[in-house]
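This is a predicted model, so every value here is computed, not measured. Heavy-atom basis, side chains included; hydrogens, waters and symmetry copies ignored. Protein chains get the first letters and strands the later ones, always in sequence-line order, with residue 1 at the start of each.
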Amino acid sequence: MPELPEVETTRRSLEPGLVGRRVVGVTVRDRRLRWPIVPEFEARLTGATIATVGRRAKYLLVGTDHGIAMIHLGMSGSLLHVPADTPVVKHDHVDAVLDDGSILRFHDPRRFGSIHWIEGDPADHPLLAALAPEPSETEFDGAYLHRITRGRAVAIKHVLMNGQLVTGVGNIYASEALHLAGINPKIPARRLSMGRCERLVDAVKRTLARAIAAGGSSLRDYVDGAGNRGHFQTESAVYGRDGEACLRCGGTIRLVRQGQRSTYYCPGCQK
DNA sequence: AGCTCACCCTGCGAGC
DNA sequence: TGCTCGCAGGGTGAGC
């Protein structure tokens with residue numbers, strides 16, 4: 001499940017094959033996603049020509065001359081561009097058939113993903129309007145992180161995973177970035193100095209960039225738009241490595257629960 | 001406002 | 001073999 005690197009990898013893999021294609025037919029097999037797919041979705045998308053394949057946080061934005069399909073992959077979703085007549089398997093919920101016969105197919109076993117149809121500025125959509133700046137933007141810097149953490153008693157890891165404060169960072173990359181920055185995931189956000197905020201922002205940017213370069217992480221079922229797996233999971237410093245030795249200090253990596261999520265960190269070098 | 005928790009859903013591996 | 005349990009990459013909304 002996709003964090004920003006997986007969504008961005010999907011976007012990049014889909015873009016060349018989709019831009020310029022016209023949608024000639026849409027089939028929805030199951031509307032029951034995180035939010036139900038609106039009844040008019042098929043009619044709006046049919047006949048539209050795809051102009052852009054964008055991304056905002058973990059949302060994919062397929063822009064057309066009729067409107068924008070805003071797609072979230074949730075925990076288990078994938079968006080695949082497959083050849084004509086590719087057999088439909090369980091959990092293939094939506095197909096958009098394109099004018100060359102190929103199919104843009106949404107697959108999501110857990111149905112935590114979503115598909116919205118937007119007409120107008122996507123930035124005004126309620127789900128996007130309150131999102132924090134992209135990690136790659138210059139606005140996301142140490143001063144920003146320092147400012148938004150003042151007065152917050154929650155653990156710094158929770159801040160990284162809160163989309164209103166930081167976008168694109170999920171459970172894997174929060175652990176990874178905190179390890180790279182040498183910061184204990186459990187410390188209250190407000191206790192971070194400006195210097196540590198700068199280090200953490202730098203670590204987030206570098207972690208996400210490295211993961212994108214690796215094609216994302218494929219822990220179980222993530223694949224990009226062409227069906228390829230990522231390999232960042234083989235480079236992870238702490239995620240999924242509890243009980244193993246820290247590559248930096250030799251300490252033992254620990255697994256703890258924060259909220260309902262697993263956090264991996266090294267008590268030896270994350271203070 | 002900030003924070004914690006329950007919950008949405010399916011599949012898989014571990015343990016009995 | 002079959003069961004039950006816990007866990008999985010996300011995010012919202014209720015209730016304090």
Side-chain angles (χ1 to χ4, degrees), chain A residues 1-11 29-37 55-60 70-79 89-93 106-116 125-132 147-178 185-191 204 207-208 210-212 214-224 229-236 238-243 255-264:
Chain A
M1 286 68 66
E3 302 183 38
L4 186 151
E6 291 74 34
V7 178
E8 178 61 19
T9 300
T10 296
R11 190 199 70 74
R29 298 183 192 83
D30 196 339
R31 323 192 78 86
R32 300 172 302 160
L33 304 183
R34 181 73 170 79
W35 292 277
I37 298 174
R55 179 189 59 76
R56 174 72 174 103
K58 296 171 189 167
Y59 290 93
L60 285 162
M70 180 172 78
I71 300 164
H72 199 293
L73 301 178
M75 291 276 267
S76 57
S78 52
L79 195 60
V89 299
K90 199 174 181 183
H91 307 306
D92 283 346
H93 303 311
F106 178 81
H107 174 91
D108 185 8
R110 292 176 73 182
R111 288 189 279 113
F112 284 2
S114 61
I115 301 179
H116 286 83
H125 191 280
L127 291 172
L128 302 185
L131 288 176
R147 176 161 47 82
I148 59 152
T149 49
R150 293 314 90 182
R152 286 189 191 268
V154 283
I156 184 59
K157 189 196 178 219
H158 286 313
V159 169
L160 292 184
M161 293 181 60
N162 180 339
Q164 320 266 299
L165 302 175
V166 177
T167 58
V169 180
N171 206 38
I172 296 177
Y173 302 118
S175 283
E176 291 297 311
L178 285 161
K186 293 183 285 193
I187 69 169
R190 62 183 173 202
R191 297 227 328 257
V204 167
T207 299
L208 295 178
R210 279 186 52 215
I212 291 170
S217 297
S218 292
L219 295 187
R220 55 203 71 228
D221 53 8
Y222 168 75
V223 289
D224 72 9
R229 295 168 60 84
H231 56 87
F232 185 84
Q233 69 281 3
T234 64
E235 299 179 32
S236 86
V238 286
Y239 192 88
R241 297 191 63 241
D242 53 305
L255 167 59
V256 295
R257 288 245 131 214
Q258 286 187 283
Q260 333 286 85
R261 317 299 294 273
S262 293
T263 298
Y264 298 86

*Asks:* Specify the separation, in whole Å, of atom OH of A/Y59 and atom P of C/dG10.
*Replies:* 12 Å

*Asks:* With side-chain contact (heavy atoms from CB on, under 4.5 Å) as the test, pick out the partner of A/H116 among A/I71, A/L128, A/L127.
*Replies:*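 The residue from A/I71, A/L128, A/L127 that satisfies side-chain contact (heavy atoms from CB on, under 4.5 Å) with A/H116 turns out to be A/L127.
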
*Asks:* Holding to ring pair (Phe, Tyr, Trp, His ring centres under 6.0 Å), I want the full list of residues that pass it with A/H107, two or more places apart in sequence or in another chain.
*Replies:* none

*Asks:* Locate the shortest heavy-atom distance separating A/I172 from A/S217; write the atom from each residue and the value.
*Replies:*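 The pair with the smallest heavy-atom distance is CD1-CB, 3.9 Å.
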
*Asks:* Between C/dC7, C/dG10, B/dG11, which nucleotide gets closest to the side-chain atoms of A/N171?
*Replies:* C/dG10

*Asks:* Please report the distance, rounded to the nearest Å, between CG in A/D30 and C1' in B/dT10.
*Replies:* 12 Å

*Asks:* Tell me the partner of B/dC3, counting only Watson-Crick (N1-N3 plus N6-O4 or O6-N4) or G-U wobble (N1-O2 and O6-N3) with both under 3.5 Å; none if nothing fits.
*Replies:* C/dG15

*Asks:* Would you tell me if any nitrogen or oxygen in the side chain of A/R261 comes within less than 4.0 Å of OP1 or OP2 on C/dG10?
*Replies:* yes

*Asks:* If I take atom CZ in residue A/R111 and atom C1' in nucleotide C/dT12, what distance separates them, rounded to the nearest angstrom?
*Replies:* 17 Å

*Asks:* Per the side chain to side chain donor-acceptor pair (under 3.5 Å) rule, which among A/S76, A/S78, A/S114 passes with A/D108?
*Replies:* A/S76

*Asks:* Atom CZ of A/R32 to atom C1' of B/dC9: distance rounded to whole Å?
*Replies:*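 Those two atoms, CZ and C1', are 10 Å apart.
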
*Asks:* A/R220 has a side chain; which of C/dA8, B/dT10, C/dT12 sits nearest to it?
*Replies:* C/dA8

*Asks:* Side-chain N or O of A/H72 less than 4.0 angstrom from OP1 or OP2 on C/dG11?
*Replies:*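 So the side chain of A/H72 is within the cut-off, an N or O lying under 4.0 Å from OP1 or OP2 of C/dG11.
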
*Asks:* What's the OH-P distance between A/Y173 and C/dG10, to the nearest Å?
*Replies:*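 Atom-to-atom, A/Y173 to C/dG10, this comes out as 10 Å.
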
*Asks:* Quick one about A/S262 and A/R257 (side-chain donor to acceptor, distance below 3.5 Å, no hydrogens or angles considered), yes or no?
*Replies:*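 Per modelled atom types, A/R257 and A/S262 side chains form a pair under 3.5 Å.
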
*Asks:* May I have the distance from A/Q260 (atom CD) to B/dC3 (atom C1'), rounded to whole angstrom?
*Replies:* 13 Å

*Asks:* Once you apply a heavy-atom cut-off of 4.0 Å, does A/S114 come out as touching a base, just sugar-phosphate, or nothing?
*Replies:* nothing

*Asks:* Would A/L4 and A/R55 count as a side-chain contact (heavy atoms from CB on, under 4.5 Å) here? Give the steps.
*Replies:* CA-CA 9 Å; A/L4 186 151; A/R55 179 189 59 76; 3.3 Å; yes

*Asks:* Is there a side-chain contact between A/R152 and the phosphate of B/dG2, meaning an N or O under 4.0 Å from OP1 or OP2?
*Replies:*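 So the side chain of A/R152 is within the cut-off, an N or O lying under 4.0 Å from OP1 or OP2 of B/dG2.
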
*Asks:* Are A/S76 and B/dG11 close enough that a side-chain N or O sits under 4.0 Å from OP1 or OP2?
*Replies:* no

*Asks:* CD of A/E6 versus C1' of C/dA8: gap in Å, rounded?
*Replies:* 14 Å

*Asks:* Is any side-chain nitrogen or oxygen of A/R150 closer than 4.0 Å to OP1 or OP2 of B/dG2?
*Replies:*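 For B/dG2, OP1/OP2 do not have a side-chain N/O of A/R150 under 4.0 Å.
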
*Asks:* May I ask you to say what A/R190 touches in the nucleic acid, namely base, sugar-phosphate or nothing, with a heavy-atom cut-off under 4.0 Å?
*Replies:*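 The residue A/R190 makes no contact with any strand.
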
*Asks:* For A/G151 and A/K90, find the nucleotide of DNA chain B closest to each by heavy atoms; which residue's nucleotide sits nearer the 5' end?
*Replies:*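 Its nucleotide being nearer the 5' end, the pick is A/G151.
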
*Asks:* What integer distance in Å separates A/F106:CZ from B/dC9:C1'?
*Replies:*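 Nearest whole value for this atom pair: 12 Å.
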
*Asks:* Quick one: list whatever passes ring pair (Phe, Tyr, Trp, His ring centres under 6.0 Å) with A/Y59, sequence neighbours left out.
*Replies:*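 A/Y59 satisfies ring pair (Phe, Tyr, Trp, His ring centres under 6.0 Å) with A/H72 only.
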
*Asks:* With the stacking rule set at 5.5 Å and 30°, tell me whether A/F112 counts as stacking on B/dC8.
*Replies:*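 It does: the two rings, one from A/F112 and one from B/dC8, meet the stacking criterion.
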
*Asks:* We want to know whether A/Q258 and A/T263 form a side-chain donor-acceptor pair, criterion being a heavy-atom distance below 3.5 angstrom.
*Replies:* yes

*Asks:* Between residues 153-169 of chain A and DNA chain B, which residues have a heavy-atom gap below 4.0 Å?
*Replies:* A/A153, A/V154

*Asks:* For the side chain of A/R110 and the base of C/dA8, is some donor closer than 3.5 Å to an acceptor across the two?
*Replies:* yes

